[in-house]
J.: 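Got a structure for you, questions after.
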2 protein chains.
Amino acid sequence: MQQTRKSRQRDAILNNLRARCDHPTAMELYLSVREEIPSLSLGTLYRNLKGLCDSGKIIRLSDGGEEHYDACTAPHWHIKCDCCGRFYDLPVSPEAVRAVPIPEYDGEIRDYSLIFFGVCAHCACAADEK
Amino acid sequence: MQQTRKSRQRDAILNNLRARCDHPTAMELYLSVREEIPSLSLGTLYRNLKGLCDSGKIIRLSDGGEEHYDACTAPHWHIKCDCCGRFYDLPVSPEAVRAVPIPEYDGEIRDYSLIFFGVCAHCACAADEK
DNA sequence: AACAATAACGATAATCGTTACTGTTATTAT
DNA sequence: ATAATAACAGTAACGATTATCGTTATTGTT
């Protein structure tokens, strides 16, 4: 098993991700953490992101292209802008979370991923200006 | 704009996908369609999959790794097995679909993707046998 | 039916996000 | 302090997807 020892790199990665409200890609996070630790290797970033996901400290957001990462593990959903590709938080009440019906299934359902798609306010404005 | 002319390759791809109940990856589909058209190029497959997605004739299922494709466009959800990685249909009633709460959002929500995760019946059985 | 325009093709190279490998460094228990 | 090894930096490899390019096939027009 891994990630038993502490490391400055992993702390910096997790702290950086926790301090931001966007949902950066690995590269965006890499460039940002490099401002603090210029020697950070991309392999180290990916290795730690994987470990942090496995241990449930961060969440991976998938939609075909690059992965995005989120350090907020409280229940909330996301919207991805069809236009700019960014992920945004979509705060939902606990009641809404509970309202998602868990289907009958001849197996075991453990979790789900719910991502909305649309146009963010920023991109909608940009379109109006044309 | 593209995909204005008909093509034997695209028809074969779409028909193949419609005839199956699994949710194949591009490579799985490629190998299958090649049995009908051995000269089919992988580039042609990807180009047509993209076009078919854009025109809404098929659906792309994303979860980090390879993409999976589904020719069923009627509303239904999916479960991905944590164990074998396969996607399965999860038929849901129209009422269940309507039960998903659309959050308030300062932009425009157009669609959503809901994927459940768990263990399929097949993998659960395999685990029991150990 | 022949022709011209070009969408679509097959083959293959390039791209790019991610993972694996290798020798070195840093953490931790003894 | 020492030894064991997790974790690192640097870099090569991987794999799914996309782009390029010369050729083929479809389609509207003579």
Side-chain angles (χ1 to χ4, degrees), chain A residues 1-17 22-55 57-70 80 84-87, chain B residues 1-17 22-55 57-70 80 84-87:
Chain A
M1 196 54 186
Q2 303 306 103
Q3 295 204 351
T4 56
R5 298 180 183 179
K6 75 176 193 181
S7 94
R8 177 171 165 242
Q9 288 82 352
R10 181 163 58 250
D11 288 349
I13 291 165
L14 185 55
N15 288 336
N16 186 302
L17 193 56
D22 60 344
H23 302 77
T25 62
M27 185 51 68
E28 288 168 345
L29 195 54
Y30 175 63
L31 294 174
S32 179
V33 178
R34 289 257 290 193
E35 293 177 9
E36 182 184 341
I37 306 180
S39 64
L40 181 74
S41 168
L42 194 51
T44 297
L45 180 83
Y46 276 109
R47 182 169 1 93
N48 279 294
L49 285 176
K50 187 171 195 304
L52 290 166
C53 282
D54 290 347
S55 64
K57 292 199 183 71
I58 67 173
I59 288 168
R60 175 183 282 131
L61 299 169
S62 292
D63 179 56
E66 303 158 273
E67 306 291 302
H68 292 246
Y69 297 90
D70 185 357
K80 188 190 183 196
C84 65
R86 276 192 278 264
F87 278 87
Chain B
M1 200 49 189
Q2 304 305 106
Q3 294 203 351
T4 56
R5 298 180 182 178
K6 74 175 191 181
S7 93
R8 178 173 165 239
Q9 288 82 353
R10 180 163 58 251
D11 288 349
I13 291 165
L14 185 55
N15 288 336
N16 186 301
L17 192 56
D22 61 343
H23 302 76
T25 61
M27 184 52 67
E28 288 167 346
L29 195 54
Y30 175 64
L31 294 174
S32 180
V33 178
R34 289 257 289 195
E35 292 177 10
E36 183 183 341
I37 306 178
S39 65
L40 181 73
S41 169
L42 194 50
T44 297
L45 180 82
Y46 275 109
R47 183 169 359 93
N48 279 293
L49 285 176
K50 189 171 193 304
L52 290 167
C53 282
D54 290 348
S55 64
K57 291 199 184 70
I58 66 172
I59 288 169
R60 175 183 282 130
L61 299 169
S62 293
D63 178 56
E66 303 158 271
E67 306 292 301
H68 292 245
Y69 297 90
D70 185 357
K80 188 190 183 196
C84 65
R86 277 192 277 264
F87 278 86

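Chain naming here is simple, since letters A, B, ... match the order of the sequence lines and numbering starts at 1 in each. Keep in mind that this is a model prediction, so the values were computed, not measured. Side-chain atoms are counted along with the backbone in the values below, which use heavy atoms only and exclude waters and symmetry mates.
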J.: What is the distance, to the nearest angstrom, from the CG atom on B/Asn48 to the C1' atom on D/dT18?
T.: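 B/Asn48 atom CG is separated from D/dT18 atom C1' by 14 Å.
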J.: For A/Glu36, give me all partners under side-chain contact (heavy atoms from CB on, under 4.5 Å), at least two apart in sequence or on another chain.
T.: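 With sequence neighbours excluded, A/Glu36 shows a side-chain contact (heavy atoms from CB on, under 4.5 Å) to A/Ala12, given in chain and number order.
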J.: Answer with yes or no whether B/Ser39 presents, from its side chain, a donor or acceptor under 3.5 Å of a partner atom in the base of C/dG10.
T.: no
J.: Counting only side-chain nitrogens and oxygens, does A/Tyr46 get under 4.0 Å of the OP1 or OP2 atom of C/dT18?
T.: yes
J.: Measuring from atom CD1 of A/Ile13 to atom OG1 of A/Thr44, what distance do you get when rounded to the nearest 0.5 angstrom?
T.: 7.0 Å
J.: Using a cut-off of strictly less than 4.0 Å, decide whether A/Gln9 has a side-chain nitrogen or oxygen near OP1 or OP2 of C/dA26.
T.: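 Result: no.
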J.: Mapping B/Arg10 and B/Leu42 to their closest nucleotides on DNA chain C, which lands nearer the 5' end?
T.: B/Arg10
J.: Mapping B/Gly65 and A/Pro38 onto DNA chain D by nearest heavy atom, which one lands closer to the 5' end?
T.: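 That would be A/Pro38.
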J.: Please list, chain by chain and in numerical order, all residues satisfying side-chain contact (heavy atoms from CB on, under 4.5 Å) with A/Ser7, sequence neighbours excluded.
T.: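 Expected list: A/Gln9, A/Arg10.
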J.: How many whole angstroms separate atom CG of B/Leu40 from atom P of C/dA8?
T.: 15 Å
J.: Report the distance from atom CD1 of A/Ile59 to atom CG of A/Leu52, rounding to the nearest 0.5 Å.
T.: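 A/Ile59 atom CD1 to A/Leu52 atom CG measures 12.0 Å (nearest 0.5 Å).
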J.: Not counting sequence neighbours, which residues clear ring-ring contact (aromatic ring centres under 6.0 Å, His included) with B/Phe87? List them please.
T.: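 Scan of B/Phe87 (ring-ring contact (aromatic ring centres under 6.0 Å, His included), adjacent residues dropped) gives B/His68.
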J.: Under the salt bridge (Lys or Arg N to Asp or Glu O under 4.0 Å) test, which residues partner A/Lys57, sequence neighbours left out?
T.: none
J.: Expressed as a whole number of angstroms, how long is the span from B/Glu67:CD to C/dT18:P?
T.: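 Nearest whole value for this atom pair: 12 Å.
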J.: To the nearest Å, how far apart are B/Leu45 CG and C/dA11 P?
T.: 14 Å
J.: Axis-to-axis angle across the helix from C/dA1-D/dT30 to C/dT30-D/dA1, five pairs an end, to 10 degrees?
T.: 40°
J.: Let's see if you can work this out: which of C/dG17, D/dA9, C/dC9 has an atom nearest to the side-chain heavy atoms of A/Ser41?
T.: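 Closest nucleotide to the A/Ser41 side chain: D/dA9.
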J.: What residues, two or more places apart in sequence or in another chain, satisfy side-chain contact (heavy atoms from CB on, under 4.5 Å) together with A/Asp22?
T.: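 Counting only residues at least two positions away or on another chain, A/Asp22 forms a side-chain contact (heavy atoms from CB on, under 4.5 Å) with A/Arg20, A/Pro24.
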J.: Output every pair passing salt bridge (Lys or Arg N to Asp or Glu O under 4.0 Å) with a member in residues 60-69 of chain A, not counting sequence neighbours, ordered by first then second residue.
T.: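 Found A/Arg60-A/Glu67, A/Asp63-A/Lys80.
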J.: B/Ala26 side chain: which of D/dT17, C/dG10, C/dA8 is closest?
T.: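 Ranking D/dT17, C/dG10, C/dA8 by closest atom to the B/Ala26 side chain puts D/dT17 first.
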J.: Could you tell me which residues satisfy side-chain contact (heavy atoms from CB on, under 4.5 Å) with A/Ala26, sequence neighbours excluded, listed by chain and number?
T.: A/Leu45, A/Tyr46, A/Leu49, A/Tyr69
J.: Atom CZ of B/Arg34 and atom P of C/dC9: how far apart are they, to the nearest Å?
T.: 15 Å
J.: Within a strict 4.5 Å, meaning less than it, do heavy atoms of the A/Asp70 and A/Ile58 side chains meet?
T.: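 No, too far: nothing below the 4.5 Å cut-off.
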J.: What is the distance from CD of B/Glu66 to C1' of C/dG17, rounded to the nearest Å?
T.: 14 Å
J.: Can you list every pair that meets salt bridge (Lys or Arg N to Asp or Glu O under 4.0 Å) and has a residue in residues 38-48 of chain A, with sequence neighbours left out?
T.: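 Every candidate salt bridge (Lys or Arg N to Asp or Glu O under 4.0 Å) pair involving residues 38-48 of chain A fails, so no pair, neighbours aside, qualifies.
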J.: Which atoms of nucleotides 20-22 of chain C (N or O only) lie under 3.5 Å from a protein N or O atom, and what are those distances?
T.:
none

J.: Show each protein N/O and nucleotides 27-30 of chain C N/O combination with a separation under 3.5 Å, one pair to a line.
T.:
{"unit_1": "C/dT27", "atom_1": "O2", "unit_2": "A/Arg5", "atom_2": "NH1", "d": "2.8"}
{"unit_1": "C/dT28", "atom_1": "OP1", "unit_2": "A/Lys6", "atom_2": "N", "d": "3.2"}

J.: Take the protein atom CD of A/Gln3 and the nucleotide atom C1' of D/dA7, then report the distance between them rounded to whole Å.
T.: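 Rounded to the whole Å, the gap is 10 Å.
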J.: Please list, chain by chain and in numerical order, all residues satisfying side chain to side chain donor-acceptor pair (under 3.5 Å) with A/Arg34, sequence neighbours excluded.
T.: A/Tyr30
J.: If I take atom OH in residue B/Tyr30 and atom C1' in nucleotide C/dT12, what distance separates them, rounded to the nearest angstrom?
T.: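 It works out to 12 Å between those atoms.
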